[in-house]
Amino acid sequence: METIPQDVWEDEHNRLRIFTPEEFSFKENLNYLSRSADECMFDILDEKIYRALPLKNETALIEMSAETDRIIHVRFFSNTTPEYISDRAEVATYIWNWFDLETNLQPFYQLAKNDPLLHEPTARFFGLRNVGLPNLFEALAWGIIGQQINLSYAYTLKRSFVEKFGDQVENYWLFPRPEKIARLHVEDLFDLKMTARKREYLIGVAKLITNGELSKAKLLAAEDFKTAETMLTRIRGIGPWTSNYVLMRCLRYPSAFPIDDVGLQNAFKLMLGYKEKPTKEEIRHYAKNWQGWETYATFYLWRMLY
DNA sequence: GACCAGGTGGGGA
DNA sequence: TCCCCACATGGT
């Protein structure tokens, strides 16, 4: 991503201030990030987010809080390393991208006003963003780990994966690097209580990223959304669901739509008062109104489930 | 104990 | 193309 414009952030001594668009609420995004007590990639304490940011040439430990609900206050902290972070713009850009602040949500909120499914979630969670997974390997691994198992168990698996193969900076974890996973064999991942297939998928994807066959740049350079989707589904272990999930959360394609998702089906059940899962046709019917905004529609519907 | 989890690949009709 | 099954384990 290009460096963000000068006028949306300020650099002051040991802190940054990020001025977000109107359609942003720190509180809503904080609530979203608080959804699992088992999350291992960041901590939330006293309405502040703490995490390690993997930058190009350094790791920043940051604390994010709300100066107002629309101004993000970023403080650098560290017990053992110099607090000086050389590239402040990179930090601001990372956060801008992480909270998807480049997207103008006005058209989405406009179409949601008259939408039977989106009306309620967009009103209740105004300012919530598609909080992303900027790291491609992390997004793919999280998708693979989460396939077909319940979310709380998925968080447990992710934690054991991260704690076994990730790097720790003080008390914060960096997601395992694909270079490291690419060198492993399925047996090395035996402790992780997931299927042998998933272990193969993780290693396979790590190899593709390591040897350069797969990258964000290549996926973003795809001619169109369908091409990017196919680039991913050709990879063993990545079906339509994982492909769309990653195109949503990492590449930020606005039309990504994991139509087979159980969570999406449950959100439909909830919103329409159904006892049974909706059919794919029913989902397509309602989704006609969301064209170009399927990612945000899905994200807000998922939000209704917790 | 059965059935379902933020599915997928592989085999067979 | 479509259907069926195995997959490992936890939650309910």
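Numbers restart at 1 for each chain; the letters A, B, ... are given by sequence-line order, proteins then strands.
- One atom, CG of Leu151(A), and another, P of dA5(B), lie 11 Å apart when rounded to the nearest Å.
- Nearer to the 5' terminus of DNA chain B, by closest-nucleotide assignment, is the contact made by Ser152(A) (compared with the other of Ile235(A) and Ser152(A)).
- Judged by closest nucleotide on DNA chain B, Trp142(A) is the one of Trp142(A) and Arg236(A) placed further toward the 5' end.
- The distance from atom OH of Tyr153(A) to atom P of dC4(B) is 19 Å, rounded to the nearest whole Å.
- One distance of note links CG of Asp167(A) with OG1 of Thr59(A); it measures 8.5 Å at 0.5 Å rounding.
- Between Lys27(A) and Glu47(A) a salt bridge is recorded (basic side-chain N to carboxylate O distance below 4.0 Å).
- Taking the P atoms as reference points, dT8(B) lies 22 Å from dG10(C), given to the whole Å.
- Listed nucleotides dA5(B), dC7(C), dT8(B) differ in distance to Thr195(A); the shortest reach to its side chain belongs to dC7(C).
- Nucleic acid contact class of Pro258(A) (heavy atoms, under 4.0 Å, all strands): none.
- Residue Lys198(A) contributes atom NZ, which lies 16 Å from atom P of dG10(B) at whole-angstrom precision.
- Gln148(A) comes within 4.0 angstrom of a base, heavy atoms only.
- The CD-C1' distance, from Glu200(A) to dG10(B), rounds to 12 Å in whole Å.
- One finds no salt bridge joining Asp38(A) and Arg159(A) here, because no Lys/Arg side-chain nitrogen approaches an Asp/Glu carboxylate oxygen to under 4.0 Å.
- For the P atoms, the distance linking dC4(C) with dC3(B) amounts to 16 Å, nearest Å.
- At a threshold of 4.0 angstrom between heavy atoms, the contacts of Leu264(A) with the nucleic acid are absent.
- Each of dG9(B), dG7(B), dG10(C) was ranked by its minimum atom distance to the side chain of Asn150(A); first place goes to dG10(C).
- Rounding to whole angstrom units, NZ of residue Lys269(A) and P of dC4(B) are separated by 10 Å.
- The CD atom of Gln147(A) sits 16 Å away from the P atom of dT9(C) (whole-angstrom rounding).
- Contacts of Ala154(A) with the nucleic acid, taken as non-hydrogen atoms under 4.0 Å apart, are absent.
- Atom CZ in Arg199(A) sits about 19 Å away from atom P in dA6(C), given to the nearest Å.
- Residue Thr242(A) places at least one side-chain N or O closer than 4.0 Å to OP1 or OP2 of dT8(B).
- Partner Phe108(A) forms a ring-ring contact (aromatic ring centres under 6.0 Å, His included) with one of Phe299(A), Tyr296(A), Phe126(A) and no other, that one being Tyr296(A).
- We find that Lys164(A) and Asp191(A) are joined by a salt bridge, their nearest charged nitrogen and carboxylate oxygen being less than 4.0 Å apart.
- Comparing the same atom, P, in dA2(B) and in dC5(C) gives a spacing of 16 Å after rounding to whole Å.
- The distance from atom CD1 of Ile144(A) to atom C1' of dA8(C) is 16 Å, rounded to the nearest whole Å.
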